[in-house]
Amino acid sequence: MVRLLGKFVRCESPSHHKVAVDRCGRLVAREWRRHGAKIKFLKEAKRGDHVRAQMWLGEGRPTGQILVLGHMDTVYPLGTLAKTPFRISGGRAWGPGTFDMKGGLVLALFAVDALRAAGVKPRKRFVFLWTSDEEIGSATSRRAIEQEARRSDAVLVLEPSYGREGRLKTARKGTGGAEIIVTGRAAHAGIDPQQGVNAVHEVALQIERLMRLNNPRRGVTVQTTVIGGGTVSNVVPEQARAEVDIRFVRMVDGRALELKLRSIRPILNGARVKLLGGVNRPPLERTAQVLRLFRHAERLMREMGLPLGEASTGGASDGNFTAAMGVPTLDGLGAVGDGAHSPREHVVIRRLPERAALLAGLLASI
């Protein structure tokens, strides 16, 4: 498992670099072909191609389909490996993308190996969809994800687990991003500032208004994360902008936030305000279907003599899309580790087999 993880990690795959992601996709596809999967590349012009691997290990005709989701892209630019190479130390495998989520790609292959070795004949067909743009919003993969989800009885998401205990994720916040673009009027800041309309001031006032939308009790956060504006210190700025991150636990709150963002109007006379973006991913809510799937996973782990917990998180994944469609979705089935998106990224090696066993058990019994 570690050897294969090293092979995947050493094949760098930053989201915005199509050539690199495609190289990684071909490597992943080769491994699945070697395991007998039927491969289809979903071609993309500007992003990496997505890889669909289909497997049928049963007899006769399948009674349904299970979708397994993961992504090949990472947040790390090309050349990161030169600074933080793949290495083994202290019972952990370190390197960019080990935890988020090339460890999950490895688990899927070994789960299939385990089913074959045990002579298990699953009742359902498996579709493994490995996408190329999850880290940047899944703009090109969302349609394929939702198409496969409609055909599926359940969706298993191999995003990293939560915490040192390896908890599964039964709830995720919905997410969105907006950009506020302000146009004012330039003027000399010392001689005739009254002739200008200060775009930076307008952005600041809009930010203050947005702060009132935060509602910690309901899990709603509205955070201005990037601002910019102005040219030099003695000119009333004509242009300014702000980027805003929005998160919410319930879709009803997401819709309300969207309406409030769309209703933004200028505060200063003469200012013009334009809003781009909005809600991107619906929340993965802890529904009865999600809880039923988690309880089943919990029983499987108990049979192995191991505990399994659940958690909610403010981060989103492609499982948000499938859960919002009403398809039973279980997330956080990937590797146990820490340090995602940082030089400290790693997975705990001894936990890899138990995670593959859990995935194999789910595939065999759902």
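Below, all heavy atoms of this structure are taken into account, side chains as well, without hydrogens, waters or symmetry copies. Index from 1, following the sequence.
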Main-chain N/O of [Y] paired with [X] side-chain donor or acceptor, under 3.5 Å:
{"X": "Lys18", "Y": "Glu44", "value": "yes"}
{"X": "His346", "Y": "Arg344", "value": "yes"}
{"X": "Arg92", "Y": "Gly90", "value": "yes"}
{"X": "Glu345", "Y": "Ala340", "value": "no"}
{"X": "Glu243", "Y": "Thr225", "value": "no"}
{"X": "Asn214", "Y": "Met211", "value": "yes"}
{"X": "Ser138", "Y": "Ser141", "value": "no"}
{"X": "Glu238", "Y": "Thr183", "value": "no"}
{"X": "Asn320", "Y": "Lys173", "value": "yes"}
{"X": "Asp22", "Y": "Gly48", "value": "no"}

With under 30° as parallel and over 60° as perpendicular, where do the rings of His341 and Tyr76 fit, or are they tilted in between?
perpendicular
Phe128 and Phe126 aromatic ring geometry - parallel, tilted or perpendicular at 30°/60° bounds
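Rings of Phe126 and Phe128: perpendicular, over 60°.
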Could I get the full list of side chain to side chain donor-acceptor pair (under 3.5 Å) partners for Gln195, not counting sequence neighbours?
none
List for me each residue that meets side chain to side chain donor-acceptor pair (under 3.5 Å) alongside Ser13, sequence neighbours excluded, and say none if there are none.
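With neighbours one apart ignored, the set is Lys102.
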So if you build clusters from Ile, Leu, Val, Met, Phe, Trp, Tyr with side-chain heavy-atom gaps below 4.5 Å, do [X] and [Y] land together?
{"X": "Leu107", "Y": "Val120", "result": "yes"}
{"X": "Val28", "Y": "Leu359", "result": "yes"}
{"X": "Leu291", "Y": "Leu293", "result": "yes"}

How about CZ on Arg143, more than 12 heavy atoms from neighbouring residues, nucleotides or ligands closer than 6.0 Å, or not?
no
Is the count of non-hydrogen atoms from other residues, nucleotides or ligands lying under 6.0 Å from Tyr162 atom OH greater than 12?
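Atom OH in Tyr162 is not crowded, with 12 or fewer foreign heavy atoms closer than 6.0 Å.
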Exercise: identify the closest heavy-atom pair between [X] and [Y]:
{"X": "Ala316", "Y": "Glu134", "value": "O-OE2, 3.7 Å"}
{"X": "Ile145", "Y": "Leu67", "value": "O-CD2, 4.0 Å"}
{"X": "Phe8", "Y": "Val106", "value": "CD1-CG2, 3.8 Å"}

Under 4.5 Å between any side-chain heavy atoms of [X] and [Y], yes or no?
{"X": "Val203", "Y": "Arg241", "value": "no"}
{"X": "Glu202", "Y": "Val200", "value": "no"}
{"X": "Leu27", "Y": "Arg23", "value": "no"}
{"X": "Ile246", "Y": "Thr221", "value": "no"}
{"X": "Ile366", "Y": "Arg123", "value": "no"}
{"X": "Leu4", "Y": "Phe110", "value": "yes"}
{"X": "Leu362", "Y": "Leu300", "value": "yes"}
{"X": "Leu213", "Y": "Val220", "value": "no"}

Run the numbers on Arg142 and Glu146 for salt bridge (Lys or Arg N to Asp or Glu O under 4.0 Å), then give the verdict.
CA-CA 6 Å; Arg142 180 173 181 173; Glu146 292 179 341; 2.9 Å; yes
Identify all side-chain donor-acceptor contacts of residues 322-339 below 3.5 Å with residues at least two apart in sequence or on another chain.
from	atom 1	to	atom 2	distance (Å)
Thr322	OG1	Gly319	O	3.1
Thr322	OG1	Thr329	OG1	2.9
Thr329	OG1	Ala323	N	3.4
Thr329	OG1	Val327	O	2.8
Asp331	OD2	Arg172	NE	2.6
Asp331	OD2	Arg172	NH2	3.4
Asp331	OD2	Ser317	OG	2.6

How long is the gap from [atom1] on [X] to [atom2] on [Y], to the nearest 0.5 Å?
{"X": "Thr74", "Y": "His17", "atom1": "OG1", "atom2": "NE2", "answer": "11.5 Å"}
{"X": "Leu129", "Y": "Gln147", "atom1": "CG", "atom2": "CD", "answer": "10.0 Å"}
{"X": "Leu257", "Y": "Arg262", "atom1": "CG", "atom2": "CZ", "answer": "12.0 Å"}
{"X": "Ile349", "Y": "Met1", "atom1": "CD1", "atom2": "CE", "answer": "10.5 Å"}
{"X": "Arg3", "Y": "Lys7", "atom1": "CZ", "atom2": "NZ", "answer": "9.5 Å"}
{"X": "Leu69", "Y": "Met101", "atom1": "CG", "atom2": "CE", "answer": "9.0 Å"}

Taking it one step at a time, do Glu179 and Val244 satisfy side-chain contact (heavy atoms from CB on, under 4.5 Å)?
CA-CA 6 Å; Glu179 183 179 11; Val244 183; over 6 Å; no
Electrostatic pair Arg52-Glu148, nearest N-O below 4.0 angstrom:
yes
Without hydrogens or angle criteria, can the side chains of [X] and [Y] be said to hold a donor-acceptor pair below 3.5 Å?
{"X": "Arg151", "Y": "Gln65", "value": "no"}
{"X": "His71", "Y": "Ser132", "value": "no"}
{"X": "Asp113", "Y": "His35", "value": "yes"}
{"X": "Asp133", "Y": "Ser15", "value": "no"}

May I have the step-by-step check of side-chain contact (heavy atoms from CB on, under 4.5 Å) for Leu42 and Thr131, ending in yes or no?
CA-CA 9 Å; Leu42 308 181; Thr131 65; over 6 Å; no
For Leu81, side chain to side chain contact (heavy atoms under 4.5 Å, CB included) partners two or more places apart
Val9, Arg10, Glu12, Pro96
Ring-face cation of Arg87 near Trp94 (centre distance under 6.0 Å, axis angle within 45°):
yes
Pair Asp49-Arg26, salt bridge (Lys or Arg N to Asp or Glu O under 4.0 Å): steps then yes or no:
CA-CA 9 Å; Asp49 299 337; Arg26 289 192 296 271; over 6 Å; no
Give the C-alpha distance, both sets of side-chain angles, the deciding distance and a yes or no for salt bridge (Lys or Arg N to Asp or Glu O under 4.0 Å) between Glu354 and Arg350.
CA-CA 8 Å; Glu354 71 184 50; Arg350 67 179 175 82; 5.3 Å; no
State which residues pass ring pair (Phe, Tyr, Trp, His ring centres under 6.0 Å) with His50; sequence neighbours excluded, sorted by chain then number.
none
Does anything in residues 279-290 pair up under salt bridge (Lys or Arg N to Asp or Glu O under 4.0 Å), and if so which pairs, sequence neighbours excluded?
Arg281-Asp318, Arg286-Glu310
Decide salt bridge (Lys or Arg N to Asp or Glu O under 4.0 Å) for Asp253 and Arg255; before the verdict, give the C-alpha distance in whole Å, the side-chain angles of both, and the deciding distance to 0.1 Å.
CA-CA 5 Å; Asp253 291 326; Arg255 284 191 283 267; over 6 Å; no
